[in-house]
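This one's a predicted model, so the numbers in the text were calculated from it and none came from an experiment.
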Amino acid sequence: MSSLASAETTEFSFLAGQARALGAALPPVRRLRLPLSDGRSLSALRYGEEPVEVTLLHGAGLNAHTWDTTVLALGRPALAIDLAGHGDSSWREDADYTGRTLAADVIEALRAWTDHPQVLVGQSLGGLTAAAVAAQAPELVRELIVVDITPGVDQSVGPAALREFYRVVDGASRDELVDRAQQFGFGGSREDTARGVFLNTRVRPDGRVEWKHHFAHIAAQLLAAPPAEGTAAPAAPAGILGEHGWADLAAVASPVALVRASHGFVSDDAEREFRTRLPTARVQQLDGSHNLQETAPTALAEIIRTAVGARA
């Protein structure tokens, strides 16, 4: 029987082992929940007891736990938010998961859970959400770090495989979903993939295991019932990102940095466009794939630590 099937396994069961592997201290971690005015709720992980210095926003299809290893390597108080439709946060009935829409929840969370401007770090969809937050509420953001995304990124590359992967949204067990993820080449070792699957799934009342995030279910519905002939398909993500993302980045008053993955989504052309549009922004490259918080957590943590500076 898989260790993940144990009733004693919780979302925090993996942290001690991750901390040992890094030689890092294990901070207290707790889950927060914020009721929202429309009846939804936003969830997050709070690492450490001191005032939060860093807030982290994950990419599409992920959740706050994607930052666990990076936060352990960072060793500073941090807040990792489950964006709407992901993790333990409520789904949106309108399925609007564009950066500007998601930013409203994040702004409310920062006002509730932090007491000074943050180093705001966002990866992929979280990066574009973070840019919208910094543009709309500059008083909440000390520095913006965008991880492996620009509004000019070609969104047709990775998502095709993801859409096919999420054709199956549930399984008889988590081990079955781990097998499928490994078949598609997602995740690293089987142990790492199993941890990611556990933290991104839930057991339904009927006993089957399903993905927590709304994106999987949206993708499955589109695959099962594609738009009828003559009916417009949903807007391409690249169009949505390009329309608002550059305007948001241009409006950011705080320092901006782009951290690009060597094997990620940001092409040389996309980086050149970023540098042209934001000539004062810093650009750094790390060796890793798109989810740098998982494939290069120590190096990413060092970049974040430098941004935080000497503040105690």
Student: Does one hydrophobic cluster hold both F198 and V168, with members joined at side-chain heavy-atom distances below 4.5 Å?
Tutor: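 No, it is not one cluster - the side chains of F198 and V168 are not joined through contacts under 4.5 Å.
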
Student: Would R142 and S254 count as a side chain to side chain donor-acceptor pair (under 3.5 Å) if you check the C-alpha gap in whole Å, the side-chain angles of each, and the deciding distance to 0.1 Å?
Tutor: CA-CA 6 Å; R142 175 182 170 191; S254 63; over 6 Å; no

Student: Could you give me the CA-CA distance, side-chain angles and deciding distance for E139 and R111, then say whether side chain to side chain contact (heavy atoms under 4.5 Å, CB included) is met?
Tutor: CA-CA 10 Å; E139 73 280 4; R111 289 175 173 155; 2.9 Å; yes

Student: So, T70 and Q293: side-chain donor and acceptor under 3.5 Å apart, yes or no?
Tutor: no

Student: Could you walk me through whether E273 and T150 pass the side chain to side chain donor-acceptor pair (under 3.5 Å) check?
Tutor: CA-CA 9 Å; E273 183 178 15; T150 75; 5.6 Å; no

Student: Side chains of S43 and R31: is there a donor and an acceptor less than 3.5 Å apart?
Tutor: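 S43 vs R31: donor-acceptor pair found between side chains.
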
Student: Do the side chain of R305 and the main chain of L74 share a donor and acceptor less than 3.5 angstrom apart?
Tutor: yes

Student: Between L177 and W211, is any pair of side-chain heavy atoms under 4.5 Å apart?
Tutor: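 SC-SC contact between L177 and W211 confirmed.
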
Student: I'd like to know if the side chain of R282 and the backbone of Q284 have a donor-acceptor N/O pair within less than 3.5 Å.
Tutor: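 Between the backbone of Q284 and the side chain of R282 there is no qualifying donor-acceptor contact (under 3.5 Å).
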
Student: With a 4.5 Å limit on heavy-atom distance, are the side chains of S41 and L34 in contact?
Tutor: no

Student: A side-chain contact here means heavy atoms from C-beta on lying under 4.5 Å apart; do D287 and T295 qualify?
Tutor: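 No, every pair of side-chain atoms sits at 4.5 Å or beyond.
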
Student: Using a strict cut-off of less than 4.0 Å between a Lys/Arg side-chain nitrogen and an Asp/Glu carboxylate oxygen, indicate whether E49 and R30 qualify as a salt bridge.
Tutor: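 Salt bridge between E49 and R30, a charged N being under 4.0 Å from a carboxylate O: yes.
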
Student: Under a 3.5 Å distance rule, please check whether Q285 uses its side chain to pair with a backbone N or O of V283 as donor and acceptor.
Tutor: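 Not at all, since once roles are kept as given, no pair shorter than 3.5 Å links the two residues.
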
Student: Assess whether a salt bridge exists between R174 and D179, defined as any Lys/Arg side-chain N lying under 4.0 Å from an Asp/Glu carboxylate O.
Tutor: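 Looking at R174 and D179, the cut-off is not met.
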
Student: Looking at side-chain heavy atoms only, is the closest gap between H214 and R92 below 4.5 Å?
Tutor: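 Not in contact.
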
Student: Is E191 atom CD crowded by more than 12 heavy atoms from other residues, nucleotides or ligands, each under 6.0 Å away?
Tutor: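 Not buried by this count: 12 neighbours or fewer within 6.0 Å.
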
Student: Begin with the C-alpha distance, continue with both residues' side-chain angles, and end with the deciding distance and a verdict on side chain to side chain contact (heavy atoms under 4.5 Å, CB included) for V259 and D148.
Tutor: CA-CA 6 Å; V259 182; D148 207 52; over 6 Å; no

Student: For H86 and F215, take the angle between the two ring planes, folded into 0 to 90°, and tell me which bin it lands in: parallel under 30, tilted 30 to 60, perpendicular over 60.
Tutor: perpendicular

Student: Taking G126's backbone N and O only, do any of them form a donor-acceptor pair with S124's side chain (distance below 3.5 Å, no angle check)?
Tutor: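 Side chain of S124 to backbone of G126, a donor-acceptor pair under 3.5 Å: no, none is there.
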
Student: Quick check against the 3.5 Å criterion: does E53 have a side-chain atom that pairs as donor or acceptor with the backbone of V119?
Tutor: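 No, E53 side chain to V119 backbone: no donor-acceptor pair under 3.5 Å.
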
Student: Got L32 and L45 here, is their nearest side-chain heavy-atom distance under 4.5 Å?
Tutor: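 No; the side chains remain at least 4.5 Å from each other.
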
Student: Would you call E176 and R180 a salt bridge, using N to O less than 4.0 angstrom?
Tutor: no

Student: Could you report the tightest heavy-atom contact between V133 and A103, atom names first, then the distance?
Tutor: CG2-CB, 3.7 Å

Student: With a 4.5 Å heavy-atom cut-off, do I81 and T55 have their side chains touching?
Tutor: yes

Student: Does the side chain of N63 come under 3.5 Å of the side chain of N200 through a donor N or O and an acceptor N or O?
Tutor: yes

Student: Once you round to the nearest 0.5 Å, how far does NE2 of H58 lie from OG1 of T66?
Tutor: 8.5 Å

Student: Grab the two heavy atoms, one from P51 and one from D115, that are nearest each other, plus how far apart they are.
Tutor: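 It is CB-OD1, 3.9 Å.
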
Student: Might you point out which heavy atoms bring D105 and A84 nearest each other, and give the distance in Å?
Tutor: OD2-CB, 3.6 Å

Student: Any idea which heavy atoms bring L249 and P151 closest together, and the distance?
Tutor: CD1-CD, 3.7 Å

Student: Between atom OG1 of T69 and atom CD of Q18, what is the distance when rounded to the nearest 0.5 Å?
Tutor: 4.0 Å

Student: Apply side chain to side chain contact (heavy atoms under 4.5 Å, CB included) to the pair W67 and L300, showing each step before the final yes or no.
Tutor: CA-CA 10 Å; W67 296 103; L300 182 57; 3.9 Å; yes

Student: When you measure from the side chain of H290 to the backbone of H263, do you find a donor-acceptor pair of N or O atoms at a distance under 3.5 Å?
Tutor: no

Student: Quick check against the 3.5 Å criterion: does T129 have a side-chain atom that pairs as donor or acceptor with the backbone of L125?
Tutor: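 Yes.
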
Student: Check whether the side chains of D96 and T98 place a donor and an acceptor atom closer than 3.5 Å, and report yes or no.
Tutor: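 Side chains of D96 and T98: pair found under 3.5 Å.
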
Student: For the pair Q123 and N291, evaluate side chain to side chain donor-acceptor pair (under 3.5 Å) and give the outcome as yes or no after the intermediate values.
Tutor: CA-CA 7 Å; Q123 184 259 341; N291 295 344; 2.9 Å; yes

Student: Distance from S37 atom OG to E108 atom CD, nearest 0.5 Å?
Tutor: 5.5 Å

Student: Test the R277-W246 pair against the cation-pi criterion, namely NZ or CZ under 6.0 angstrom from the six-membered ring centroid and within 45° of the ring axis.
Tutor: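 Judged by the rule, R277 and W246 form a cation-pi pair.
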
Student: Answer yes or no: is there an ion pair linking D68 with R195, defined by an N-O contact shorter than 4.0 Å?
Tutor: no

Student: Does H244 reach the main-chain N or O of L128 with its side chain, forming a donor-acceptor pair under 3.5 Å?
Tutor: no

Student: I would like to know whether F274 and V256 meet side chain to side chain contact (heavy atoms under 4.5 Å, CB included); could you show each step before the answer?
Tutor: CA-CA 11 Å; F274 183 90; V256 178; 4.1 Å; yes

Student: Within this structure, what is the CG-NZ distance for the pair D82 and K212, rounded to the nearest 0.5 Å?
Tutor: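 The NZ atom of K212 is 7.0 Å from CG of D82, to the nearest 0.5 Å.
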
Student: Indicate, with yes or no, if the rings of W91 and Y97 have centres closer together than 6.0 Å.
Tutor: no

Student: Under the criterion side chain to side chain donor-acceptor pair (under 3.5 Å), I'd like the reasoning laid out for S267 against D269: C-alpha separation, chi angles, the key distance, then a yes or no.
Tutor: CA-CA 5 Å; S267 65; D269 286 344; 5.2 Å; no

Student: Does T201 use its side chain to pair, donor to acceptor, with the backbone of V209 at less than 3.5 Å?
Tutor: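 Pair absent, no side-chain N/O of T201 close to backbone of V209.
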
Student: Does a side-chain heavy-atom distance below 4.5 Å link P117 with L140?
Tutor: no

Student: Check this for me: does any side-chain nitrogen of one of R208 and D170 sit under 4.0 Å from a carboxylate oxygen of the other?
Tutor: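 Result for this pair is yes, salt bridge flagged.
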
Student: Would you name the heavy atoms of L110 and Q118 that are closest together and state the gap between them?
Tutor: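 For L110 and Q118, the tightest heavy-atom pair comes out as CD2-CG, 4.1 Å.
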
Student: For residues V252 and A135, report the shortest heavy-atom separation together with the two atoms involved.
Tutor: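 That would be CG2-N, 4.1 Å.
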
Student: Less than 4.5 Å apart, side chain to side chain, heavy atoms only: is that true for L120 and I145?
Tutor: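 In short, these two side chains do not touch, never coming nearer than 4.5 Å.
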
Student: Using atom types as modelled and distance alone, determine if a side-chain donor or acceptor of R33 lies under 3.5 Å from a backbone N or O of D88.
Tutor: yes

Student: Would L42 and L62 show up in the same hydrophobic cluster when neighbours are defined by side-chain heavy atoms closer than 4.5 Å?
Tutor: no

